Each structure stands twice: as structure tokens, then as C-alpha cells.
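Since the structure comes first, as C-alpha cells, the remarks are kept for the end.
Quick note: numbers below take in every heavy atom, side chains included, and nothing from hydrogens, waters or symmetry partners. Since we're looking at a predicted model, the values are computed, not measured. Just so you know, ligand 1 is whichever comes first in the structure, and atom 1 is the first atom listed for that ligand.
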Amino acid sequence: GHPNDSIAPGKNYPYAFTVNNRGGTYWYHTHAHHLTAKQAFGGLASFFIVEDDDQLRLARALDLKLGETDLPLVIQDKRFNAAGELVYQPSMMEKMMGYLGDIVLVNLTPNAYLEIGPRFYRFRCLNGSNARAYKLAFMRGKEQLAYQVIGTDGGLLDRPYPAKQAFLAPGERLDVLFDASALQQGETVFLKSLAFDPMENDSMMGGMGGGMMGGKGNNSMMQMHGGGRLADGLEFNLLKLVVAKAAQGPREVPARLSALAPLDIAGVQPRRVKLSMDRMQWLIDGRRFEPHAAAFDARRVVEVWDIENAEHSMIHPMHLHGFSFQVLGRSNSPAALRPLATESGGLTVADLGWKDTVLVWPGETVRIAIDFRQAFPGEQLLLFHCHNLEHEDADMMVNYRIPA
Ligand code: CU
């Protein structure tokens with residue numbers, strides 16, 4: 001998945017690899033140099049679902065069937081012209097901030113609708129958008145219904161975690177169980193994205209939106225960034241669920257889902273990885289992407305990284321290639337995250353388990369742990385980049401090297 005391995009038109013590149021990932025909801029997409037945003041927006045992306053014993057045990061326990069009661073949901077905002085063709089024409093501002101669509105699709109469907117029965121459903125939510133983050137909630141009228149988070153980017157959590165809201169940034173996955181068994185025939189529930197201020201913690205923009213936009217959670221810069229059509233942080237429906245059929249299913253969610261051992265970080269000196277902007281250019285460690293140079297070497301041990309976002313910045317979903325990581329803590333987080341904190345260190349449900357992408361807010365520092373010990377003996381050149389695809393294409397990406 002390195003941009004140096006792009007495939008020219010008419011050419012091919014045979015891949016062969018052993019899938020040794022934990023079971024989970026993965027995805028794959030184009031990573032062509034400076035073309036990722038346009039090509040992923042155009043559709044070069046898909047799910048890659050991996051099963052393992054823990055996943056199969058959960059499916060048996062709740063009688064879940066992929067495509068029926070276990071549903072992958074890719075959430076993407078798109079723009080279309082009058083002929084119904086996709087439009088990808090980012091302005092200079094949008095290349096810097098990210099390209100937002102004016103319609104939000106779930107599994108490529110506008111106003112997505114699903115008839116359900118009164119039982120458990122598993123929704124494998126993937127944010128496949130270029131730049132838009134979502135705040136996921138199940139709403140019955142004005143009431144937020146509780147759901148259970150069972151997995152993140154790298155598969156199942158150790159146990160289910162109750163939640164009513166969770167952020168999902170581009171590239172992230174959130175696996176949830178929704179219990180419809182107490183709902184009545186004909187009842188409607190919406191999976192929604194709730195309003196939030198994506199610039200809340202920003203030293204210059206933060207809080208401006210609340211006053212100017214009547215507390216709708218957006219702000220003037222984001223208005224421009226969204227072309228004034230569907231601004232970042234607005235509330236909207238993603239998926240309409242209607243209880244319209246009879247169904248029965250097991251009621252007991254397993255108390256244990258999988259084994260998850262916290263990485264041992266005793267004595268590890270954190271590596272600081274600073275996100276910043278200089279003259280309209282997003283930077284990691286003060287650098288923009290150089291395809292053949294490494295920003296730093298990773299050691300074949302457990303490393304701890306402090307990903308530190310600038311005070312005046314925007315949200316960056318930071319994505320690591322090659323290794324899953326664990327999120328250890330958040331500091332200087334925006335107030336919007338506080339009610340979502342589940343654990344010590346200010347972690348939200350979306351931070352638990354194994355991750356490959358983590359949302360970093362303006363002004364925030366997110367601490368992660370990565371285990372670089374491995375059997376492969378050779379040198380590796382791997383990527384760390386922002387999963388806002390316009391940021392990635394604008395070179396908010398570095399190589400890190402693992403020496404032989
Ligand atoms: Cu970014």
C-alpha cells in the first residue's frame with residue numbers, strides 16, 4: 001500500500017500476502033500518489049472482512065448473518081451534478097481543508113432505509129468519506145438509544161461497551177450492536193450523525209460556530225469549506241430503521257468477546273510526532289511527504305508516540321500503515337469529548353481495542369503504543385499519514401523506516 005507502488009493504466013501488480021489479521025472490519029482503497037482522494041471518492045474502495053474464532057463465536061451467540069443481521073455500512077458524503085455523475089473538483093480551500101459532499105450516502109444509497117425485526121443487529125460502520133467526520137447516535141424521536149460498541153479498526157474489543165454517541169473520522173471503523181427487541185412494530189429509529197463543532201478546540205476558530213450559527217456546531221470557515229451546502233458538523237440522518245417484520249434472536253450478548261492484552265510500555269520514552277501547518281501546508285514533524293525518504297526510524301520494540309496537534313489546526317484522523325496500535329490517552333481534548341470518555345486517560349469507545357486510525361482534535365495530544373516487534377527480518381518503508389484524503393494528497397504523510 002505504498003504510493004511508490006502505484007499501478008499505471010493498463011498495467012498490473014500481483015499481490016500475494018497472508019491474511020493474519022485479527023478478525024474484523026477492514027477496508028482497502030487506492031493509495032496512488034496525489035490521486036488517492038479523487039480515486040477513492042470515485043469508488044476505488046471496498047470492505048475487507050476477516051473472520052476468526054472470536055468473530056464466529058459472536059455470530060453464533062447472537063445468530064448474526066452477514067448481509068442480513070450483520071451489516072457493513074460505509075458512510076460517505078458525495079457531490080453529484082445534474083446528470084447524477086460524481087463531481088470531484090476541490091477548490092484551493094477544499095484541497096487544504098478537505099472535500100465535503102453535499103449528500104451523505106450509506107452503502108452508496110441516499111436516504112438509506114432498512115426494515116428490521118425486533119432483535120439484535122450488528123452494524124459495521126466504516127467512514128469511507130474523504131474528509132467528513134460523523135458523530136454516530138441511534139435516535140428514536142429526540143431520545144438517544146444506547147448501543148453497544150463491540151469492535152474498532154482492528155477487530156473485537158474485550159467486551160461490549162455501552163455508548164450513546166461516538167465519533168467516526170475518515171478511515172475509522174466502529175462495530176456496534178443495536179438491540180431492536182424492545183421496539184414496537186412500525187416504530188422508526190434513525191442512525192444519525194449529531195451536530196458538533198469540528199473546530200471546537202481550535203485556538204482561533206473554536207467556539208465561533210456556536211454563536212454565529214445558532215449552536216448548530218459549524219463555523220464560518222467550515223461553511224466555506226462545505227461550499228455552503230452541507231457544512232461540516234451538521235446533524236443529518238444516515239440510515240432509517242423501521243421495525244416492519246417479525247424476527248427473533250438470542251437476547252444474551254456474550255460478556256467476553258475477545259482477548260486484548262495492553263502493550264507493556266514500562267520504561268518507554270515517548271516519541272513526539274507534531275502535526276502543524278506552515279504557509280497553507282500541513283506537516284508531520286515539520287515535513288511534507290518525500291516518497292523515498294524516511295522521517296524517522298522505528299525500533300523493533302514497543303514504541304509510544306505522542307501525536308500532538310497544533311493549537312490552530314483542524315481534526316486529523318492519523319493513520320499508520322503496517323501495524324495496529326493501542327490508544328493510551330488523550331490530553332487537552334475538546335469539551336465535546338468529555339461526556340464520551342469511558343476510561344482513564346479520556347479515551348472514548350472509539351479509542352478502545354486495536355486501531356489503525358485515530359482522531360486527533362485541534363490542540364490535542366493523543367498517546368498511542370505500537371509493537372514493532374515482528375518476524376519479518378528485512379527493511380521496511382511504511383507510511384504514517386492523515387486520512388483526510390485531501391490532506392494526504394497534499395503530502396500530510398511521512399515514511400517511517402524499520403531497519404533490517
Ligand atoms: Cu489531516
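- With rounding to the nearest 0.5 Å, the separation of CG in Leu64 from CZ in Arg122 is 7.0 Å.
- A donor-acceptor contact under 3.5 angstrom links the side chains of Tyr161 and Asp158, judged on distance only.
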Would you be so kind as to tabulate the donor-acceptor pairs closer than 3.5 Å made by side chains of residues 186-195, with sequence neighbours excluded?
unit_1: Glu187; atom_1: OE1; unit_2: Gln184; atom_2: N; d: 2.7
unit_1: Glu187; atom_1: OE2; unit_2: Arg140; atom_2: NH1; d: 3.2
unit_1: Lys192; atom_1: NZ; unit_2: Glu235; atom_2: OE2; d: 3.0
unit_1: Lys192; atom_1: NZ; unit_2: Asn237; atom_2: OD1; d: 3.4
unit_1: Ser193; atom_1: OG; unit_2: Lys135; atom_2: N; d: 3.0

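- Using bins of under 30°, 30° to 60° and over 60° for the plane-to-plane angle, the ring pair Phe48/Phe17 lands in the tilted bin.
- Protein N/O/S atoms found under 2.8 Å from the Cu ion (ligand 1): His316 ND1, Cys386 SG, His391 ND1.
- Note on ring orientation: taking the six-membered ring where Trp is involved, the planes of Phe296 and Trp305 are perpendicular (angle over 60°, cut-offs 30° and 60°).
- Across all their heavy atoms, Asp297 and Glu303 have their closest contact at O-OE2, 4.3 Å.
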